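Keep in mind that this is a model prediction, so the values were computed, not measured. Computed over heavy atoms, backbone and side chain alike; hydrogens, waters and symmetry mates excluded.
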Amino acid sequence: MFEIISSLLKYVFITIIYIFIFGIMRLIYLDIRSMSAKNFPKAVSLPYLKLVSLKDHFNFKVEESYLLTEDTTIGRSRGNSIHIEDPFLSGRHAILTKKGGSFYIQDVGSTNGTELNGTRLGTEPVLLKDGDRIHAGQLDFLYVSGERQGEGNAADEKRP
Amino acid sequence: MKTDRKIIHVVISVCFLFFLLIAYLTYFELFVKDSVIENSYNQRLNGSENSVLRGSIFDRNGKLLAKSQINGNTQERIYPFGSLYSHIIGYDSRVYGKSLLEASYNSYLSNQYDIHSILDISGKIAGYKPSGANMSLTIDHQLQTRAEKLMRNIKGAAVVMDPKTGEILAMVSKPDFDPNGQELENNWTTLVESSDAPFVPRATQGLYPPGSTFKVVISAAAVEDGMSDMSFEDSGVITIDGKQFRNSGGNAYGKLNIQSAMAVSCNTFFAKLGTELGFENLKDAAASFGLEKEVPFDLPVSQSIFPYDEMSKTDMASVGIGQGKVLVTPLQMAMIASCIANDGVMMKPWLVKRVATVSGIQLHAGGPSVLYRSVSPETAASVKDMMVGVVEKGTGRNASIQGIHVAGKTGTAQNELTDRGKGKEHAWFIGFAPAEDPKVAVAVIAEYSGASGGSLCAPIAKELMSAWLGL
Amino acid sequence: MQLMRSAHKLPHPVYMLVLVDIFAFSLLFFRETPYDISPLIVGLSLIASILMVYFLIRGFKLGDEYIFLIVSMLFSIGAVMLYRLDSELGIKQAKWLGIGLVAFFAGYFIFGWFKVWDRLLFFYMAASMGLFAVTMGFGREIKGSNNWIVFQGFSIQTSEIAKILFLFFLASYYSQREKLFARFSKVRVTAAFMLVAYLLMGLLVLQKEWGTPLVLFLVYFAVIYIFEKDVRILLVNALAAVTAGTAGVLFVHHIRVRVDAWINPWADIAQKGYQIAQSLFAIGAGGFFGTGIGLGRPELIPEVRTDFIFSAICEEMGIFGGVAVILLFLLLVYRGFKIALRCGEVFEKTLALGITLMFAFQTFVIIGGVIKLLLLTGITLPFISYGGSSLVTNFAALGVLQRISAKQATAERSTAYEDR
């Protein structure tokens with residue numbers, strides 16, 4: 001009996017171990033991909049969202065920064081302009097609306113809510129200032145208005 | 001940054017090394033494996049022997065030398081005398097396999113030949129493990145113990161045998177090792193890598209230049225070929241084809257015949273005798289004493305060699321004094337001594353007296369059998385006289401035993417280390433006693449000892465012979 | 001690439017790890033009747049301690065979270081194999097994991113609390129020599145190497161500690177050398193450094209230990225390749241290594257025996273070649289998928305619990321299992337390099353490199369040895385082989401690596417705030 005179980009389980013073991021290896025490789029791959037993409041806002045003086053959380057924690061794909069050019073929706077489902085598979089995000093979680101040169105943020109009835117600098121947002125749009133912290137799902141973003149791009153890049157370049 | 005670029009190089013190298021491992025592992029699995037695993041040392045091919053309790057091994061008087069004991073699911077082999085029989089019985093380790101008798105008699109020891117115990121259903125129900133056959137050896141435990149004590153601080157070997165039957169009475173190789181399971185496992189690496197080579201059973205597998213002990217073979221050839229009346233004026237040195245041969249200690253002995261030359265172990269005389277005998281006679285003599293022939297024995301034996309297809313005069317002179325390319329095992333020299341003792345008849349050596357099942361059915365029995373008739377009884381008798389002379393008034397005085405005549409020959413053999421001028425000669429002694437009716441023959445070697453055979457090995461041989469003769 | 005992206009539905013690797021442990025230890029539970037509960041206890045305590053540490057790392061943001069996960073998988077594979085070989089051994093190994101994890105956090109926190117590590121160059125040298133003196137004075141020879149201290153029933157392999165000291169020595173030198181260059185000539189400082197490095201490796205050779213100095217030399221060589229700009233220094237060191245190696249093969253009997261066994265193990269299979277031959281038999285018996293746990297005969301492999309554990313893994317988990325182990329080490333090493341690359345400070349960079357390279361070369365040398373790609377040297381397979389000394393020191397080194405990665409993460413987070 002033991003013989004049968006063991007000789008079947010050996011395939012299971014190998015499979016699981018390789019899934020494990022594959023999983024780790026995938027996380028590392030996502031990590032590298034975003035690393036190579038992280039420099040894109042440099043040349044552009046546009047506002048963007050910068051991920052503050054340590055990406056290594058996440059089992060889903062997330063970029064180091066998201067450029068904001070027009071009205072932007074954040075959420076878990078594919079229709080969003082910023083689509084992140086964070087299970088703690090709602091299907092449609094928050095909207096960033098462009099008015100003039102500035103962006104306004106509002107929660108759109110998400111389950112777990114959106115926080116701006118530690119205060120929970122309602123459905124009212126709130127004006128974003130440079131350096132505001134946005135928390136949604138498991139993610140922390142920094143809003144960078146793009147006007148002081150030079151300093152941000154200098155800090156970036158310290159990293160290889 | 002430059003440093004980081006170099007780190008990337010190292011990363012790439014390490015990745016390459018790891019992929020090399022994977023590639024080699026795959027290559028091994030696909031192309032190498034099949035030729036490797038078909039090997040008699042692959043215990044996976046044998047299946048489990050654990051269902052049979054391995055047989056025990058006894059000496060000629062029924063003293064237990066090796067037994068197996070059950071510990072839970074596994075058997076453990078126990079050697080109560082530790083290293084004493086490591087070069088006869090060998091080891092039987094779960095991890096490191098089997099050697100010597102444990103290997104060559106494995107089928108008897110581990111298999112169950114006993115019909116009675118197969119039919120013994122009540123025994124099976126009671127949970128007895130069926131057991132393999134037991135062996136008894138020709139070895140005498142007391143003599144073996146004595147031999148080991150005498151050889152304790154020496155590297156080399158001692159073989160004691162009965163010249164008339166060929167029974168091996170004691171056989172010690174030094175250094176040795178403890179074959180008991182845990183000890184063996186813990187010391188394995190040290191033992192394998194030791195420059196003393198403790199795993200080599202020197203008595204049966206050590207090949208040494210015989211040195212002056214080979215003069216026994218040369219003088220036998222001279223007697224057989226009618227050259228024993230050569231007389232010779234020794235000046236301490238002889239030049240043959242430009243090569244000088246000297247007596248040990250630089251002595252000059254003056255006028256000599258074969259008898260007196262043997263007693264003082266005169267090199268110049270035997271170098272000359274070697275050239276007189278010539279290639280054919282030397283080769284025949286070596287062959288008649290079993291060199292260049294396989295030795296049928298219960299253990300693997302290295303073949304003693306006489307590796308000449310043609311010989312120059314200096315080669316003949318060298319062989320005349322037991323140097324040159326001639327190499328012998330200590331066992332072979334014990335057989336040569338036995339042969340002279342036994343009227344020129346060389347007996348086949350044997351070690352296993354009897355193999356029998358637990359219920360007493362005999363599966364194998366050893367017995368005396370003639371291996372070669374090397375020389376005529378007359379020749380043997382005259383060489384014996386010469387050898388008695390060696391012990392009574394020559395270089396072998398340290399082997400003399402009060403009240404009986406002892407025959408013997410010493411040797412101090414040069415080797416690859418003495419060529420570089422260090423005091424590393426092999427000391428030899430071969431002999432037998434009593435000369436009139438030989439009951440025991442010995443060969444003793446102390447390798448690279450730098451001592452002379454007469455001073456170091458003759459006393460050991462004396463102790464061994466008198467121990468066996470009860471004197 | 002598409003494959004990578006589409007794989008996001010896979011559960012997190014930590015669940016895979018738990019699954020392996022659950023399956024393997026349940027299997028071991030069914031192996032022998034009457035059923036004994038101890039494999040389940042060992043398995044559960046293994047899972048519990050791994051999960052606890054993993055979530056501590058995640059929860060308190062203690063830096064890179066892959067390296068511990070990878071090491072846990074390696075340890076689990078080793079522990080299963082050891083338990084299968086001898087249940088006593090598996091239980092002891094699980095206990096060593098406890099001590100190893102304490103060492104992990106000790107390495108993490110002690111390395112973090114004190115800020116003086118880079119300035120202790122002479123202390124590392126003195127400590128290595130002191131350790132050598134103690135080992136020579138009170139040491140005991142076990143299995144051919146005279147590098148053990150037996151203390152109240154515990155035997156400690158001092159070469160494991162010497163290894164870590166050597167890595168700190170290297171890191172400390174490269175962080176301090178500018179200061180030394182200011183006081184002495186560059187050539188003198190470099191020559192003195194190299195002499196001391198060879199002395200420290202030589203001390204291990206005197207203890208009849210070959211594997212560790214070989215690994216340390218490879219680490220040393222890679223580090224000087226990275227930091228020394230002068231090609232001549234590399235050449236001198238390569239020449240020294242080749243000379244030492246040739247001399248070793250020609251004049252040291254031990255090494256010659258191993259070389260003989262490596263070139264042709266079949267010539268003296270009964271003794272010199274026995275170990276490597278048994279290792280190859282085992283790997284050959286496994287095939288691609290292995291015999292299955294408990295169905296092979298790895299107990300026939302000599303030194304299977306330490307040097308030859310990889311052969312046992314190949315026998316029962318197959319070439320695929322063996323390759324998985326190699327890949328896991330590769331991932332671990334990759335993470336280590338990444339941490340080193342992100343380091344700004346020379347001391348931490350060198351230390352991270354040293355630790356990573358040590359894991360890499362130790363793995364390469366011992367796996368290469370047991371599959372007969374390289375000469376066999378008796379060292380442990382990190383995190384897999386049985387052995388308290390090696391497990392505890394490797395976990396402590398991992399803790400230091402973890403700390404270095406955590407410092408980076410903190411630094412990066414604060415950089416992000418500075419972006420304002």
Inset, instruction - Among the options C/Ala282, C/Gly378, C/Gly296, pick out the one with the most heavy-atom pairs lying under 4.5 Å from chain B. - result: C/Ala282
Legend entry - Heavy-atom proximity to chain B below 4.5 Å, by part of C/Phe320: neither
Legend entry - side-chain hydrogen bond (donor to acceptor under 3.5 Å, both in side chains) partner of B/Tyr448, chosen from B/Glu416, B/Lys155, B/Lys424: B/Glu416
Inset, instruction - Please state whether the side chain, the backbone, both or neither of B/Leu191 comes within less than 4.5 Å of a heavy atom of chain C. - result: neither
Inset, instruction - Check whether B/Thr189 gets within reach of chain C through its side chain, its backbone, both or neither, counting any heavy atom under 4.5 Å. - result: side chain
Inset, instruction - Find the distance between CD (C/Glu345) and OG (C/Ser175) and round it off to the nearest 0.5 Å. - result: 8.0 Å
Inset, instruction - Just give me the residue among B/Asn186, B/Asp34, B/Thr26, B/Ile7 that pairs up with chain C most often, heavy atom to heavy atom, under 4.5 Å. - result: B/Ile7
Inset, instruction - Could you tell me which of C/Val333, C/Leu327, C/Leu353 has the largest number of non-hydrogen atom pairs under 4.5 Å with chain B? - result: C/Leu353
Inset, instruction - Tell me, out of B/Leu17, B/Thr190, B/Val14, who's got the most heavy-atom pairs with chain C below 4.5 Å. - result: B/Leu17
Legend entry - Residue pair C/Val223 / C/Tyr220, side-chain heavy-atom distance below 4.5 Å: no
Legend entry - Which portion of C/Tyr274 sits near chain B, non-hydrogen atoms under 4.5 angstrom: side chain
Inset, instruction - For chain B, find which of C/Phe288, C/Phe361, C/Phe227 contributes the most heavy-atom pairs closer than 4.5 angstrom. - result: C/Phe288
Legend entry - Salt bridge B/Arg54-B/Glu76, side-chain N to carboxylate O under 4.0 Å: no
Legend entry - Carboxylate-amine/guanidinium proximity below 4.0 Å for B/Arg77 and B/Glu102: yes
Legend entry - Option that, when pairs with chain B are counted at under 4.5 Å, heavy atom only, ranks first among C/Lys229, C/Glu315, C/Glu303: C/Glu315
Legend entry - Heavy-atom pairs under 4.5 Å with chain B, option from C/Arg258, C/Lys272, C/Arg256, C/Glu299 with the top count: C/Arg258
Inset, instruction - Starting at CD1 of B/Ile168, measure out to CG of B/Asp298 and round the result to the nearest 0.5 Å. - result: 9.0 Å
Inset, instruction - Would you mind checking which part of C/Ala360 comes under 4.5 Å of any heavy atom in chain B, side chain (CB onward), backbone (N, CA, C, O), both or neither? - result: both
Legend entry - Carboxylate-amine/guanidinium contact B/Lys174 B/Glu148, below 4.0 Å: yes
Legend entry - Criterion side-chain hydrogen bond (donor to acceptor under 3.5 Å, both in side chains) against C/Thr380, the qualifying member of C/Gln362, C/Arg305, C/Gln157: C/Gln362
Legend entry - Side chain, backbone, both or neither of B/Tyr27 within contact of chain C (heavy atoms, under 4.5 Å): neither
Inset, instruction - Side-chain contact test, heavy atoms from C-beta onward, threshold under 4.5 Å: evaluate it for B/Ile88 versus B/Leu100 and give yes or no. - result: no
Inset, instruction - Rounded to the nearest 0.5 Å, what's the gap from OG1 on B/Thr3 to NZ on B/Lys6? Could you check? - result: 7.5 Å
Legend entry - Heavy-atom contact with chain B under 4.5 Å, split by part of C/Leu357: side chain
Inset, instruction - For each of B/Tyr96, B/Trp188, B/Phe199, B/Phe28, tally heavy-atom pairs with chain C at distances under 4.5 Å, and name the one with the top tally. - result: B/Tyr96
Inset, instruction - Please answer whether the main-chain N or O of B/Ile37 pairs with a side-chain N or O of B/Asn42 as donor and acceptor at a distance below 3.5 Å. - result: yes
Legend entry - When B/Leu30, B/Ile8, B/Val192 are compared by non-hydrogen pairs under 4.5 Å with chain C, the top option: B/Val192
Legend entry - Contacting region of C/Pro265 [heavy-atom separation from chain B under 4.5 Å]: neither
Inset, instruction - Measure distances from B/Ser194 to the heavy atoms of chain C and classify the residue's part below 4.5 Å as side chain, backbone, both or neither. - result: backbone
Legend entry - For chain C, the option from B/Val10, B/Val32, B/Leu20 that forms the most heavy-atom pairs under 4.5 Å: B/Val10
Inset, instruction - Please state whether the side chain, the backbone, both or neither of B/Asn187 comes within less than 4.5 Å of a heavy atom of chain C. - result: neither
Inset, instruction - Find out whether C/Ile70 and C/Phe329 are in side-chain contact, i.e. whether some heavy atom of one side chain is under 4.5 Å from a heavy atom of the other. - result: no
